[in-house]
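Structure first, then comments.
Counting starts at 1 for both ligands and their atoms, in listed order.
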Amino acid sequence: MTVSVLGLGAMGTALAAAFVRAGQPTTGWNRSPEKTEAAAGLGVVRAETVADAVGDAELVVVCLLDHAAVREVLEPVAAQLTGRVLLNVTNGTAEQVREVAAWAAEHGASYVDGGIMAIPPSIGQAESVVLYSGSREAYDRWAGPLGAWGTGTFLGEDPGLAALHDLALLGAMYGMFAGAFHATAMVGTEGVAAGRFTTELLVPWLHSMVDVLPMLADAEVTAEQRLVEQVALANIIGTAAAQGVPGRLTAPLKSLVAGI
Ligand SMILES: NC(=O)c1ccc[n+]([C@@H]2O[C@H](COP(=O)([O-])OP(=O)(O)OC[C@H]3O[C@@H](n4cnc5c(N)ncnc54)[C@H](OP(=O)(O)O)[C@@H]3O)[C@@H](O)[C@H]2O)c1
(Lines give C-alpha, C1' and ligand atoms only; values in the text may rest on other atoms or scores of the structure.)
Protein backbone atom coordinates (compact mmCIF):
# COMPACT_ATOMS: atom_id res chain seq x y z
CA MET A 1 0.00 0.00 0.00
CA THR A 2 1.49 3.33 -1.01
CA VAL A 3 1.28 6.54 1.01
CA SER A 4 1.98 10.22 0.38
CA VAL A 5 2.54 13.08 2.77
CA LEU A 6 1.63 16.59 1.60
CA GLY A 7 3.47 19.15 3.73
CA LEU A 8 6.96 18.41 4.96
CA GLY A 9 7.29 20.96 7.73
CA ALA A 10 8.52 19.85 11.15
CA MET A 11 5.55 17.52 11.76
CA GLY A 12 5.02 16.30 8.18
CA THR A 13 8.69 15.32 7.93
CA ALA A 14 8.51 13.46 11.26
CA LEU A 15 5.40 11.57 10.09
CA ALA A 16 6.90 10.69 6.69
CA ALA A 17 10.22 9.62 8.26
CA ALA A 18 8.39 7.39 10.77
CA PHE A 19 6.61 5.64 7.88
CA VAL A 20 9.96 5.11 6.14
CA ARG A 21 11.56 3.72 9.31
CA ALA A 22 8.66 1.26 9.58
CA GLY A 23 9.36 0.04 6.01
CA GLN A 24 6.40 1.87 4.44
CA PRO A 25 7.34 3.38 1.02
CA THR A 26 6.40 7.06 1.30
CA THR A 27 6.27 9.90 -1.20
CA GLY A 28 6.44 13.50 0.02
CA TRP A 29 5.72 16.96 -1.34
CA ASN A 30 6.29 20.40 0.14
CA ARG A 31 5.61 23.88 -1.23
CA SER A 32 9.20 24.98 -0.55
CA PRO A 33 11.45 22.48 -2.36
CA GLU A 34 14.30 22.61 0.19
CA LYS A 35 12.15 20.75 2.75
CA THR A 36 11.37 18.07 0.16
CA GLU A 37 15.13 17.71 -0.35
CA ALA A 38 15.71 17.35 3.39
CA ALA A 39 12.99 14.67 3.65
CA ALA A 40 14.50 12.83 0.66
CA GLY A 41 17.65 12.50 2.77
CA LEU A 42 15.53 10.51 5.25
CA GLY A 43 14.29 8.12 2.56
CA VAL A 44 11.09 9.90 1.50
CA VAL A 45 10.53 9.72 -2.26
CA ARG A 46 10.57 13.26 -3.67
CA ALA A 47 7.54 14.56 -5.60
CA GLU A 48 7.83 17.78 -7.60
CA THR A 49 4.09 18.54 -7.62
CA VAL A 50 1.04 17.76 -5.50
CA ALA A 51 -0.40 15.77 -8.42
CA ASP A 52 2.79 13.67 -8.59
CA ALA A 53 2.67 13.12 -4.82
CA VAL A 54 -0.94 11.98 -4.87
CA GLY A 55 -0.02 9.76 -7.85
CA ASP A 56 -1.38 6.31 -7.07
CA ALA A 57 -1.15 6.71 -3.29
CA GLU A 58 -3.91 4.87 -1.46
CA LEU A 59 -3.42 7.00 1.66
CA VAL A 60 -2.86 10.75 1.28
CA VAL A 61 -1.74 12.44 4.51
CA VAL A 62 -2.10 16.23 4.67
CA CYS A 63 -0.04 18.09 7.28
CA LEU A 64 -0.11 21.83 6.61
CA LEU A 65 -0.30 25.05 8.59
CA ASP A 66 -4.09 25.48 8.48
CA HIS A 67 -7.28 24.58 6.62
CA ALA A 68 -6.93 27.43 4.14
CA ALA A 69 -3.69 25.79 3.00
CA VAL A 70 -5.41 22.38 2.92
CA ARG A 71 -8.08 23.65 0.50
CA GLU A 72 -5.48 25.51 -1.61
CA VAL A 73 -3.34 22.38 -1.96
CA LEU A 74 -6.13 19.80 -2.44
CA GLU A 75 -8.62 21.60 -4.69
CA PRO A 76 -6.49 21.35 -7.87
CA VAL A 77 -6.12 17.57 -7.37
CA ALA A 78 -9.71 16.87 -6.25
CA ALA A 79 -10.43 14.54 -9.19
CA GLN A 80 -7.40 12.42 -8.28
CA LEU A 81 -8.68 11.74 -4.76
CA THR A 82 -11.55 9.47 -5.78
CA GLY A 83 -11.21 6.08 -4.10
CA ARG A 84 -8.36 7.25 -1.85
CA VAL A 85 -8.20 7.72 1.90
CA LEU A 86 -7.55 11.34 2.86
CA LEU A 87 -6.03 11.66 6.34
CA ASN A 88 -5.86 15.28 7.42
CA VAL A 89 -3.71 15.94 10.49
CA THR A 90 -3.71 19.72 10.04
CA ASN A 91 -4.91 21.70 13.06
CA GLY A 92 -8.41 23.05 12.51
CA THR A 93 -11.77 23.66 14.15
CA ALA A 94 -14.32 20.85 14.30
CA GLU A 95 -16.44 22.84 11.83
CA GLN A 96 -13.57 23.23 9.34
CA VAL A 97 -12.95 19.50 9.60
CA ARG A 98 -16.61 18.66 8.90
CA GLU A 99 -16.49 20.94 5.84
CA VAL A 100 -13.37 19.34 4.39
CA ALA A 101 -14.79 15.85 5.16
CA ALA A 102 -17.97 16.74 3.21
CA TRP A 103 -15.80 18.10 0.38
CA ALA A 104 -13.78 14.85 0.32
CA ALA A 105 -17.01 12.79 0.21
CA GLU A 106 -18.21 14.86 -2.79
CA HIS A 107 -15.01 13.79 -4.56
CA GLY A 108 -15.35 10.11 -3.63
CA ALA A 109 -12.57 10.04 -1.02
CA SER A 110 -12.82 8.45 2.43
CA TYR A 111 -11.96 10.99 5.10
CA VAL A 112 -10.17 10.52 8.41
CA ASP A 113 -9.10 13.42 10.60
CA GLY A 114 -6.15 13.24 12.97
CA GLY A 115 -5.16 15.21 16.04
CA ILE A 116 -1.52 14.69 16.89
CA MET A 117 -0.92 14.92 20.63
CA ALA A 118 2.86 14.87 20.32
CA ILE A 119 5.81 16.91 19.10
CA PRO A 120 7.91 15.93 16.06
CA PRO A 121 10.83 14.32 17.97
CA SER A 122 8.36 12.02 19.80
CA ILE A 123 6.71 10.69 16.65
CA GLY A 124 7.28 6.92 16.50
CA GLN A 125 7.17 6.40 20.27
CA ALA A 126 4.24 4.54 21.86
CA GLU A 127 3.60 7.52 24.19
CA SER A 128 2.76 9.68 21.18
CA VAL A 129 -1.02 9.64 20.94
CA VAL A 130 -2.83 10.41 17.72
CA LEU A 131 -6.60 10.95 17.90
CA TYR A 132 -8.64 9.91 14.88
CA SER A 133 -12.25 10.40 13.74
CA GLY A 134 -14.17 9.98 10.50
CA SER A 135 -14.44 6.85 8.37
CA ARG A 136 -14.09 3.82 10.68
CA GLU A 137 -13.56 1.52 7.71
CA ALA A 138 -10.69 3.65 6.37
CA TYR A 139 -9.12 4.00 9.81
CA ASP A 140 -9.25 0.24 10.44
CA ARG A 141 -7.64 -0.39 7.05
CA TRP A 142 -4.71 1.92 7.90
CA ALA A 143 -4.43 1.44 11.68
CA GLY A 144 -1.48 -0.95 11.25
CA PRO A 145 0.78 1.37 9.19
CA LEU A 146 -0.33 4.37 11.30
CA GLY A 147 1.07 2.56 14.34
CA ALA A 148 4.44 3.80 13.04
CA TRP A 149 3.54 7.24 14.48
CA GLY A 150 2.53 6.13 17.98
CA THR A 151 -0.66 4.98 19.67
CA GLY A 152 -3.84 5.63 17.72
CA THR A 153 -7.21 6.27 19.38
CA PHE A 154 -10.35 6.27 17.22
CA LEU A 155 -13.02 8.58 18.70
CA GLY A 156 -15.99 8.11 16.37
CA GLU A 157 -17.41 8.65 12.90
CA ASP A 158 -18.21 12.34 13.34
CA PRO A 159 -15.07 13.70 11.60
CA GLY A 160 -14.94 16.74 13.93
CA LEU A 161 -14.41 14.67 17.08
CA ALA A 162 -10.62 14.42 16.83
CA ALA A 163 -10.31 18.21 16.37
CA LEU A 164 -12.70 18.84 19.27
CA HIS A 165 -10.63 16.63 21.60
CA ASP A 166 -7.33 17.93 20.22
CA LEU A 167 -8.33 21.57 20.81
CA ALA A 168 -9.72 20.80 24.29
CA LEU A 169 -6.43 19.16 25.26
CA LEU A 170 -4.38 21.99 23.73
CA GLY A 171 -6.53 24.47 25.67
CA ALA A 172 -5.63 22.68 28.91
CA MET A 173 -1.97 22.79 27.90
CA TYR A 174 -2.01 26.51 27.09
CA GLY A 175 -3.82 27.21 30.38
CA MET A 176 -1.05 25.36 32.22
CA PHE A 177 1.67 27.18 30.27
CA ALA A 178 0.05 30.56 30.97
CA GLY A 179 -0.18 29.78 34.69
CA ALA A 180 3.44 28.65 34.71
CA PHE A 181 4.63 31.83 32.97
CA HIS A 182 2.60 33.91 35.41
CA ALA A 183 4.24 32.10 38.35
CA THR A 184 7.69 32.67 36.87
CA ALA A 185 6.90 36.36 36.36
CA MET A 186 5.76 36.70 40.00
CA VAL A 187 8.94 35.31 41.55
CA GLY A 188 11.00 37.00 38.83
CA THR A 189 10.05 40.37 40.34
CA GLU A 190 12.37 39.44 43.25
CA GLY A 191 15.18 38.30 40.96
CA VAL A 192 14.46 34.54 41.23
CA ALA A 193 15.92 32.74 38.18
CA ALA A 194 13.18 31.25 35.98
CA GLY A 195 15.10 28.06 35.15
CA ARG A 196 15.85 27.07 38.75
CA PHE A 197 12.35 27.98 39.98
CA THR A 198 10.84 25.94 37.15
CA THR A 199 12.87 22.75 37.66
CA GLU A 200 13.05 22.76 41.46
CA LEU A 201 9.58 23.95 42.44
CA LEU A 202 7.16 24.52 39.58
CA VAL A 203 7.47 21.21 37.71
CA PRO A 204 7.23 18.97 40.85
CA TRP A 205 4.26 21.07 42.04
CA LEU A 206 2.41 20.77 38.74
CA HIS A 207 3.13 17.01 38.60
CA SER A 208 1.54 16.53 42.03
CA MET A 209 -1.48 18.65 41.06
CA VAL A 210 -2.04 16.71 37.83
CA ASP A 211 -2.61 13.61 39.98
CA VAL A 212 -5.50 15.43 41.71
CA LEU A 213 -7.38 16.07 38.44
CA PRO A 214 -9.26 12.73 38.25
CA MET A 215 -10.61 13.36 41.77
CA LEU A 216 -11.73 16.87 40.80
CA ALA A 217 -13.39 15.72 37.59
CA ASP A 218 -16.44 14.25 39.31
CA ALA A 219 -16.24 15.84 42.77
CA GLU A 220 -18.76 18.22 44.24
CA VAL A 221 -16.96 21.41 45.31
CA THR A 222 -18.05 22.32 48.81
CA ALA A 223 -18.85 25.89 49.90
CA GLU A 224 -15.84 25.74 52.27
CA GLN A 225 -13.46 24.73 49.45
CA ARG A 226 -14.86 27.50 47.27
CA LEU A 227 -14.25 30.05 50.04
CA VAL A 228 -10.66 28.85 50.51
CA GLU A 229 -10.05 29.09 46.74
CA GLN A 230 -11.50 32.60 46.60
CA VAL A 231 -9.21 33.78 49.42
CA ALA A 232 -6.14 32.22 47.72
CA LEU A 233 -7.05 33.71 44.33
CA ALA A 234 -7.62 37.15 45.86
CA ASN A 235 -4.17 36.88 47.47
CA ILE A 236 -2.57 35.78 44.19
CA ILE A 237 -4.16 38.73 42.37
CA GLY A 238 -3.19 41.17 45.13
CA THR A 239 0.40 39.98 45.37
CA ALA A 240 0.88 39.90 41.60
CA ALA A 241 -0.44 43.46 41.33
CA ALA A 242 1.77 44.67 44.18
CA GLN A 243 4.80 43.04 42.49
CA GLY A 244 3.95 44.71 39.18
CA VAL A 245 2.74 41.58 37.32
CA PRO A 246 -0.30 42.27 35.10
CA GLY A 247 -3.51 40.56 36.28
CA ARG A 248 -4.90 39.79 32.83
CA LEU A 249 -4.66 36.03 33.47
CA THR A 250 -5.52 35.70 37.16
CA ALA A 251 -8.38 38.21 37.46
CA PRO A 252 -10.75 36.17 35.22
CA LEU A 253 -9.70 32.96 37.04
CA LYS A 254 -11.25 34.21 40.29
CA SER A 255 -14.71 34.62 38.78
CA LEU A 256 -14.29 31.47 36.66
CA VAL A 257 -13.47 29.31 39.69
CA ALA A 258 -16.32 30.93 41.66
CA GLY A 259 -18.75 30.06 38.87
CA ILE A 260 -17.84 26.38 38.54
N1 LIG B 1 5.08 20.95 15.48
C2 LIG B 1 4.33 20.41 16.44
O3 LIG B 1 4.77 20.27 17.61
C4 LIG B 1 2.93 19.92 16.13
C5 LIG B 1 2.28 19.10 17.07
C6 LIG B 1 1.00 18.63 16.79
C7 LIG B 1 0.37 19.00 15.62
N8 LIG B 1 1.03 19.84 14.73
C9 LIG B 1 0.28 20.27 13.53
O10 LIG B 1 0.96 19.89 12.34
C11 LIG B 1 0.67 20.85 11.31
C12 LIG B 1 1.98 21.31 10.69
O13 LIG B 1 2.78 21.85 11.72
P14 LIG B 1 4.36 21.92 11.60
O15 LIG B 1 4.90 21.93 12.97
O16 LIG B 1 4.86 20.93 10.62
O17 LIG B 1 4.50 23.39 11.02
P18 LIG B 1 5.63 23.97 10.01
O19 LIG B 1 6.93 23.32 10.27
O20 LIG B 1 5.54 25.45 10.13
O21 LIG B 1 5.10 23.51 8.59
C22 LIG B 1 3.97 24.12 8.00
C23 LIG B 1 3.77 23.45 6.67
O24 LIG B 1 2.63 24.05 6.04
C25 LIG B 1 3.04 24.42 4.71
N26 LIG B 1 2.18 25.49 4.22
C27 LIG B 1 1.74 26.59 4.90
N28 LIG B 1 0.93 27.33 4.13
C29 LIG B 1 0.86 26.69 2.93
C30 LIG B 1 0.17 26.95 1.73
N31 LIG B 1 -0.63 28.03 1.59
N32 LIG B 1 0.31 26.07 0.71
C33 LIG B 1 1.10 24.98 0.83
N34 LIG B 1 1.79 24.68 1.96
C35 LIG B 1 1.65 25.52 2.99
C36 LIG B 1 4.48 24.80 4.84
O37 LIG B 1 5.10 24.85 3.59
P38 LIG B 1 6.46 25.72 3.37
O39 LIG B 1 7.56 24.87 3.92
O40 LIG B 1 6.51 25.94 1.95
O41 LIG B 1 6.26 27.00 4.16
C42 LIG B 1 4.96 23.64 5.72
O43 LIG B 1 5.11 22.46 4.98
C44 LIG B 1 -0.09 22.01 11.99
O45 LIG B 1 -1.46 21.92 11.74
C46 LIG B 1 0.20 21.79 13.47
O47 LIG B 1 -0.82 22.29 14.33
C48 LIG B 1 2.29 20.28 14.95
- prompt: Can you name the closest pair of heavy atoms from Trp149 and Ala18 and give their distance?
  reply: CD1-CB, 3.9 Å
Would you say the side chain of [Y] lies within less than 4.5 Å of the side chain of [X], judging by non-hydrogen atoms?
X      : Y      : value
Val212 : Met209 : yes
Phe154 : Leu131 : no
Leu170 : Asn91  : yes

Please give the N or O to N or O pairs under 3.5 Å between ligand 1 and the protein, distances rounded to 0.1 Å.
residue, atom, partner, partner atom, Å
ligand 1, 16 (O), Ala10, N, 3.2
ligand 1, 16 (O), Met11, N, 2.8
ligand 1, 19 (O), Ala10, N, 2.9
ligand 1, 24 (O), Leu65, N, 3.1
ligand 1, 31 (N), Arg31, NH1, 3.4
ligand 1, 31 (N), Glu72, OE1, 3.4
ligand 1, 39 (O), Asn30, ND2, 2.9
ligand 1, 39 (O), Ser32, OG, 3.4
ligand 1, 39 (O), Lys35, NZ, 2.6
ligand 1, 40 (O), Arg31, NE, 3.0
ligand 1, 40 (O), Ser32, N, 3.0
ligand 1, 40 (O), Ser32, OG, 2.4
ligand 1, 41 (O), Arg31, NH2, 2.9
ligand 1, 43 (O), Gly9, N, 3.3
ligand 1, 43 (O), Asn30, OD1, 2.5
ligand 1, 45 (O), Leu64, O, 3.0
ligand 1, 45 (O), Asn91, N, 2.8

- request: Consider only side-chain N and O atoms of Ser122 and Gln125, and report whether a donor and an acceptor are under 3.5 Å apart.
  value: no
task: Please answer whether the main-chain N or O of Ala57 pairs with a side-chain N or O of Arg84 as donor and acceptor at a distance below 3.5 Å.
output: yes
